[in-house]
Amino acid sequence: MGKLFDFGTTGELLGFGFVQQALLAGALLGLVAGLIGPLIVARGMAFSVHATSEIAFAGGAAALLAGIGVQYGALGAAVLIALALGLLARRGSERDSVIGAVLSFGLGIGILLLWLYPGRGSNKFGLLVGQIISLEGPDLTLMITCTLVVLVVLALIYRPVLFSSVDPEMATARGVPTKLLNPLFAVLVGVATSLGVQTVGALLVVALMITPGAAAARVSSSPLVTTVLAVIFAEVSMLGGIVLSLAPGAPVSAFVTTISFLIYLGCRVFARTRPQYATPAIAT
Amino acid sequence: MTAAREVGVAQGIPPGEPSAIELRDAGLGFGKRTLWEGLNLSVAQGEFLVVLGPNGSGKTSLLRVLLGLQGLTGGSVSVAGGVAGAGNSHVGYVPQQKTLGGSYSVRGRDLVGLGLDGHRWGIGLRARKERRAKVEAALAAVGASEYADRPIGALSGGEQQRLRVAQALVGEPDVLLCDEPLLSLDLAHQHSVSELIGTAARESGAAVVFVTHEINPVLKFADRILYLVDGRFRIGAPTEVMTTETLTELYRSPVEVLRVREKLVVVGADEAGCHHAEEGED
Ligand SMILES: Nc1ncnc2c1ncn2[C@@H]1O[C@H](COP(=O)(O)OP(=O)(O)O)[C@@H](O)[C@H]1O
Ligand SMILES: [Mg+2]
């Protein structure tokens, strides 16, 4: 336990440039995940985010094998598959099974590609369980660019996306171009997911993209409050996870998912004390 | 009324053409099946048109045409002086009742606010005060202020339906399209929702197309009735349409209309309509 919480070592490590870079990358991801998460929850896209992250993992592994930057492979694959999933009917009966099939295929291909990769590289399993703190560091330029793109596009389409998420039929009747927005939003989700794959790893992206939004939705029904809370939850999980992982040198994702889950549990318990403001647990 | 509304009226409906809705020789069919054709209908500003007919007779499809979500097979349509287009801001819509809410829920006031400006781009940070006042007024008009901060998923069907009405009215539409807004409401709520829509339309001079199975709650507002049965239809004042002769002719089977204490009772239509509804499924 002493090894887990060694504050001296933590303080020392925080002075290093690569640790600070990791914190910056984490903060960017937390921001994007917090802003986009409630909308993903509202649209019932949690499962498709998981599938997207596995495909991003396969894309990253393919890039590793081909000798291209892992981040580009992950980004390209994530955007393509998110677009394809976004074009699937939103609540089609087949949707879940298609996503399930894609997910396991992505994971399988990714593992095969990693096995084919001759090098040992820290990258190798980082794609699955996170590699944010490494001497190579995250590709900050790409991360900042992606974050900015997501933020700007999201700001432009936020209101109609929220409308079509909570009230799709009415949104269409009022002239919201859902046929354009669905794939566009899916691409944003793809970009955000690939950022997650590069930092917390493909297996645990959901902890950052979905859990904070779902937790926030338990304690408030105001879109503004939910979004602000989701950003705070995502940042606390991400930055807290990085800092706690420093001293023991353990994988970041273990801490990120634990914090994120504890916040989710806390929100559910809190919701019980004032159910009138939270989304009811069972849809009526 | 507010300035925005006056502008809306002035631009939406040009002088010399007083009708809010104009259908000329309109027809609609899917594949080989024709729902209705040769429909000539003009609804004036401030007029309240009730649309009746068995399931599958094409009532919802008619509203979808007026919303611009469905093209006609023949003829022409104009709404609020322009083409029937999705997002025509002069048009308000109360969709067929469906329960709202799920894993993520917004508050009643958010639903109403989205009805006002949810189709616009951006986050909507400007003119928030004005927006708030409009939403507040719409909520108060339907008596929903009390539960406006609760998530919609936690509300009863009747409460949700009131929010739907507020959502449609908040934009001060010139044309209000309602698809069975009374469905699955108890009698008291049927009356209060009818009253809301009827009086709001009267006050603002909006034209209303009101699809319903239950005529009695809206009978006192109804200026005319469009009765659709299996491709045949009749348009006229309630006293002309709701008669034993007219409905027997429309259904091609004996239907009797009785007047019992200010209420209309139609006997035989459900039986005649059932056969048709089954046909409509395939
Ligand atoms: N897009 C469509 N394609 C094919 N058939 C349709 C379509 N929309 C409606 N229909 C058919 O048209 C008929 C009338 O439907 P609808 O307008 O919903 O009836 P109502 O609202 O009067 O019950 C139904 O039989 C329905 O199956
Ligand atoms: Mg219908």
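These numbers were taken from a predicted model, which means no experiment stands behind them. Labels below follow one simple rule: chain letters A, B, ... track the order of the sequence lines, proteins then strands, and each chain is numbered from 1.
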*Taking the side chain as C-beta and beyond, is there a heavy-atom pair between A:S221 and B:R150 under 4.5 Å?*
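The answer is no, as the side chains (C-beta and beyond) never meet within the 4.5 Å cut-off.
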*Compare all side-chain heavy atoms of B:R109 with those of A:S222 and state whether any distance is below 4.5 angstrom.*
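No, too far: nothing below the 4.5 Å cut-off.
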*Atom of A:V166, atom of B:V106 and distance for their closest heavy-atom approach*: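 Closest pair (atom of A:V166, atom of B:V106, distance): CG1-CG1, 3.7 Å.
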*For B:W121 and A:P177, which heavy atoms make the closest approach, and how far apart are they?*
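Residues B:W121 and A:P177, closest heavy atoms: CH2-CG, 3.8 Å.
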Sort [X] into side chain, backbone, both or neither according to what part of it lies under 4.5 angstrom from a heavy atom of chain B.
| X | value |
| --- | --- |
| A:L181 | side chain |
| A:A171 | neither |
| A:I157 | both |

Which distance, rounded to the nearest 0.5 Å, do you find between the [atom1] of [X] and the [atom2] of [Y]?
| X | Y | atom1 | atom2 | result |
| --- | --- | --- | --- | --- |
| A:R174 | B:L116 | CZ | CG | 8.0 Å |
| A:L162 | B:D110 | CG | CG | 7.5 Å |
| B:L114 | A:S165 | CG | OG | 9.5 Å |
| B:H119 | A:M170 | NE2 | CE | 11.0 Å |
| A:L156 | B:I123 | CG | CD1 | 8.5 Å |

*asked:* Please check if the number of heavy atoms outside B:F30 that lie under 6.0 Å from its CZ is greater than 12.
replied: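 Yes, CZ of B:F30 has more than 12 neighbouring heavy atoms, counting only those of other groups under 6.0 Å.
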*May I ask you to check whether over 12 heavy atoms, not counting those of B:Q96, lie within 6.0 Å of atom CD?*
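Yes - once you tally the heavy atoms of other residues, nucleotides and ligands closer than 6.0 Å, there are more than 12.
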_Donor-acceptor under 3.5 Å (B:R120 side chain, A:P160 main chain)_ =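 Looks like no, no N/O pair under 3.5 Å.
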*For A:R159, enumerate each residue passing the salt bridge (charged side-chain N to carboxylate O under 4.0 Å, His left out) test, keeping only those at least two apart in sequence or located in another chain.*
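Counting only residues at least two positions away or on another chain, A:R159 forms a salt bridge (charged side-chain N to carboxylate O under 4.0 Å, His left out) with B:D117.
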